[in-house]
Amino acid sequence: MKHTGYATLDVPAGRVDLEDWLFTLSDAEYQACARGHRAAGTFVQDGVRGTVNVEAIGGHLIVQHYLEVSAKPSRVEMLSRRSRVYLFHLVPATIQVRWTMSVNVRNAESSEFRCSVELTMSPLLRVLGALSLLGVAIRAHTLEETKLFGDDIVRKIGTSRPSPAGA
């Protein structure tokens with residue numbers, strides 16, 4: 001199950017630093033970027049950066065322990081090999097979640113932000129997810145957080161000072 005959201009950012013792609021944005025995102029900022037966001041934090045494990053994200057989506061609680069796969073200003077990929085999903089907030093199950101964000105040039109003054117979430121789960125969980133409309137809920141959540149993540153990125157760029165030319 002994979003869902004991707006797109007948002008136009010009214011800043012040039014060269015001013016966006018997704019790596020810095022993600023690893024400095026506060027818990028309060030994360031919670032403000034989607035109704036289902038409950039908590040977030042960052043950590044370093046064996047020299048690899050990571051984030052813990054807690055979300056309530058479609059009646060299910062999801063706890064992800066992401067580790068950095070790759071990170072640079074224009075693209076970040078995170079992987080949670082053993083995310084815990086509590087179906088209907090009660091029944092625990094394990095899934096894998098890949099979270100990828102990227103920014104691409106749109107024109108001289110704007111860029112396209114892309115946020116993808118890919119879930120890998122057992123056949124039984126796929127059936128339960130389909131019955132509970134999990135895919136519909138994940139899609140709606142991804143679209144909402146993509147727009148609000150984009151808004152947060154632009155807001156932070158607007159409050160930062162551009163580096164001097166040639167610096």
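A quick note: this is a predicted structure, and the numbers were derived from the prediction, not measured.
No hydrogens or angles considered: a donor-acceptor pair under 3.5 Å links the side chains of Y30 and E55.
Summarising the geometry, atom NE2 belonging to H65 is positioned 13.5 Å from atom CG belonging to L79; distances are rounded to the nearest 0.5 Å. How far CD of Q96 is from OG of S122: 12.5 Å, rounded to the nearest 0.5 Å. Residue K72 holds its NZ atom at 11.0 Å from CD of E77, rounded to the nearest 0.5 Å. Here the straight-line distance linking atom SG of C115 with atom CD of E144 works out to 11.5 Å at 0.5 Å rounding. Taking CD1 from I138 and CD from E145, the interatomic distance works out to 9.0 Å, rounded to the nearest 0.5 Å. Separation of atoms CZ (R98) and CZ (R81) is listed at 7.5 Å; rounding is to 0.5 Å.
Linking ILVMFWY residues whenever their side-chain heavy atoms come closer than 4.5 Å, directly or via other members, leaves V63 and I57 in distinct clusters. By the criterion of side-chain heavy atoms lying less than 4.5 angstrom apart, applied directly or through intervening Ile, Leu, Val, Met, Phe, Trp or Tyr residues, M1 is grouped together with M101 in one hydrophobic cluster. A single hydrophobic cluster is not seen to contain both V54 and I62; linkage of ILVMFWY side chains at heavy-atom distances under 4.5 Å, directly or through other members, places them apart. By the criterion of side-chain heavy atoms lying less than 4.5 angstrom apart, applied directly or through intervening Ile, Leu, Val, Met, Phe, Trp or Tyr residues, Y66 is grouped together with L119 in one hydrophobic cluster. One hydrophobic cluster, built from ILVMFWY side chains closer than 4.5 Å, holds both V91 and I95.
Between L18 and V103 the shortest heavy-atom distance is CD1-N, 3.8 Å. For the pair S83 and V97, the tightest heavy-atom approach, listed with the atom from each and the gap, is OG-CG2, 3.5 Å. The nearest pair of heavy atoms linking T4 to R114 is CG2-CG, 3.3 Å. Shown here for F23 and A71, the closest heavy-atom pair between the two residues is CE1-CB, 4.2 Å. Between T146 and Y6, the shortest heavy-atom contact is CG2-N, 3.7 Å. Contact between T94 and R82 at its shortest, heavy atoms only, is CG2-CA, 3.7 Å.
Put simply, the side chain of H3 gets close to the backbone of G135: a donor and an acceptor are under 3.5 Å apart. Although no hydrogens or angles enter the test, the distance criterion places no donor-acceptor pair under 3.5 Å between the side chain of Q45 and the main chain of L67. Distance alone, capped at 3.5 Å, is enough to place a donor-acceptor pair between the R126 side chain and the M121 backbone. Judged by distance alone, with hydrogens and angles left aside, the side-chain atoms of R35 form no donor-acceptor pair with the main-chain N or O of A32 at under 3.5 Å. Using modelled atom types, one side-chain atom of S111 and one backbone atom of V11 make a donor-acceptor pair closer than 3.5 Å. Here the side chain of D27 pairs a donor or acceptor atom with the backbone of A40 at under 3.5 angstrom. Panel note: side chain Q31, backbone R38; a donor-acceptor pair is recorded below 3.5 Å.
Atom CZ of R49 sits in a crowded spot, with more than 12 heavy atoms from other residues, nucleotides or ligands closer than 6.0 Å. Within 6.0 Å of CZ in R84 there are more than 12 heavy atoms belonging to other residues, nucleotides or ligands.
Relative ring orientation between F149 and W99 is described as tilted, the plane-to-plane angle lying within the 30° to 60° band. Between W21 and F113, the ring planes are perpendicular. Angles over 60° get that label, and only those under 30° would be called parallel.
Aromatic rings from H60 and Y86 are positioned such that their centres are separated by 6.0 Å or more.
Two residues are said to be in side-chain contact when any heavy atoms from C-beta on lie closer than 4.5 Å; T51 and L25 fail this criterion. When side chains are defined from C-beta on, Q64 counts as touching N53, because their heavy atoms get closer than 4.5 Å. At a threshold of 4.5 Å between non-hydrogen side-chain atoms, the residues S116 and E118 do not count as touching. Within the 4.5 Å cutoff, the side chain of M78 has heavy atoms near those of the L22 side chain.
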Checking salt bridge (Lys or Arg N to Asp or Glu O under 4.0 Å) for the pair D151/R155: CA distance, chi angles, key distance, verdict? CA-CA 6 Å; D151 291 349; R155 179 186 61 78; over 6 Å; no
